[in-house]
Amino acid sequence: MAAFSSRAAKSLNGGAACRATDRNGNFLEQGREFEGVSSVAPRSVEFLKSTVSHGSNFVRDNVGSIDVIVGPMFAGKTTALLQRVRKEVDAGRKASLVKSDKDNRYAVSAVVSHDGIQMPCVAVPNLAKFRERVGEEAYKQIEVIGIDEAQFFDDLLEFCQSAADVDHKTIIVAGLDGDFLRRRFGFVLDLIPLADSVTKLHARCELCNQPAPFTFRKTVDTETEVIGGVDVYMPDATWDSLRLTIETTYSTVS
Ligand SMILES: Nc1ncnc2c1ncn2[C@@H]1O[C@H](COP(=O)(O)OP(=O)(O)O)[C@@H](O)[C@H]1O
Ligand SMILES: Cc1cn([C@H]2C[C@H](O)[C@@H](COP(=O)(O)O)O2)c(=O)[nH]c1=O
């Protein structure tokens with residue numbers, strides 16, 4: 001069914017509700033399908049023309065956005081997040097960083113990459129607390145919010161949706177898509193249908209030097225959340241080494 005997201009609709013119509021049109025600009029009946037690629041509505045074309053190419057992203061005026069950066073540990077998610085936030089600040093936008101207070105390996109009030117690059121942040125148990133902590137007035141002024149360790153936030157979805165769609169902020173999210181058993185981790189994957197862009201980064205496998213999309217846990221801990229760095233984890237290129245660990249760890253399971 002032809003449909004526009006509320007954000008796209010706002011961008012087309014200056015905030016008013018928007019209906020899809022056919023190739024002649026006539027409003028479509030609800031439930032009528034687009035016939036194919038060639039039947040792109042003129043107003044959709046206008047919308048596409050009104051977007052501004054910005055690297056690999058499209059940046060729209062006066063609407064919020066959600067960009068998601070995922071990958072295993074050591075893939076450069078935090079580095080990419082910090083670079084993106086720095087770019088926004090350099091462009092004159094007011095930005096703020098937030099991370100989960102569960103992970104304070106390198107610093108309590110800074111987002112720090114494995115290479116030591118860092119920027120100050122607010123560390124909170126959930127994202128509602130971020131808003132509370134910075135205060136409503138300051139929150140209103142913030143245009144860009146960078147979220148690190150997103151897998152640890154239970155209210156990730158509600159916060160991002162509201163901040164982007166209602167408050168029109170630019171949200172950049174970095175987090176693990178999967179845990180050490182390649183299971184979905186927290187609510188990061190649930191953001192994908194809401195996201196303007198999704199980037200999966202790879203680390204470098206320490207065993208075979210190939211691009212590594214997964215994270216290998218070197219200890220026998222079985223709970224999902226175990227805070228750690230190179231002492232506990234390493235990037236993993238193949239499911240084979242993970243399978244080996246599982247067989248060793250869960251050897252009681254036949
Ligand atoms: N096996 C590895 N593969 C890739 N990068 C690694 C590895 N081990 C350490 N690093 C370092 O980690 C950096 C990425 O750190 P960071 O941005 O904090 O990653 P992430 O947030 O994805 O865990 C790389 O630039 C690299 O210097
Ligand atoms: C795979 C995996 C990771 N964690 C923890 C370990 C670290 O504290 C963070 C990830 O940090 P990074 O910035 O991505 O390097 O998450 C976990 O708790 N459970 C896991 O399965």
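Since the structure is predicted, the reported quantities are computational estimates derived from the model, not experimental observations. Read the numbers this way: they start at 1 and go in the same order the structure lists the ligands and their atoms.
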Salt bridge check, Asp103 against Arg105: does any charged N sit closer than 4.0 Å to a carboxylate O? yes
Which part of Pro72 is near ligand 1, with near meaning a heavy atom under 4.0 Å away: side chain, backbone, both or neither? backbone
Does any donor atom in the side chain of Thr170 or Arg93 lie under 3.5 Å from an acceptor atom in the other side chain? yes
Would you check if Thr78 and Val111 make a side-chain contact, meaning some heavy-atom pair closer than 4.5 Å? yes
Judged by non-hydrogen atoms, does Lys102 sit under 4.0 Å from ligand 2? no
Which residue, Asp190, Asp179, Asp177, forms the salt bridge (charged side-chain N to carboxylate O under 4.0 Å, His left out) with Arg184? Asp190
N/O separation below 3.5 Å, Thr215 to ligand 2: no
Return a yes/no value for Glu225: is any of its N or O atoms, backbone included, closer than 3.5 angstrom to an N or O of ligand 2? no
Check the side chains of Asp221 and Thr219 for a donor-acceptor pair under 3.5 angstrom, ignoring hydrogens and angles. yes
Tell me whether Ala75 has any N or O atom under 3.5 angstrom from an N or O of ligand 1. yes
Side chain or backbone, does Thr78 bring an N or O within less than 3.5 Å of an N or O on ligand 1? yes
Phe216 versus Glu206: any side-chain heavy-atom pair under 4.5 Å? no
Could you identify the single nearest non-hydrogen protein atom to atom 24 (C) of ligand 1 and state the distance to 0.1 Å? Asp115 OD2, 3.5 Å
Would you say Gly71 touches ligand 1, if touching means a heavy atom closer than 4.0 Å? no
Please compare Thr224, Val230, Val226, Asp179 and report which has the shortest non-hydrogen distance to atom 19 (N) of ligand 2. Thr224
Val112-ligand 1 polar pair, N/O distance under 3.5 Å: no
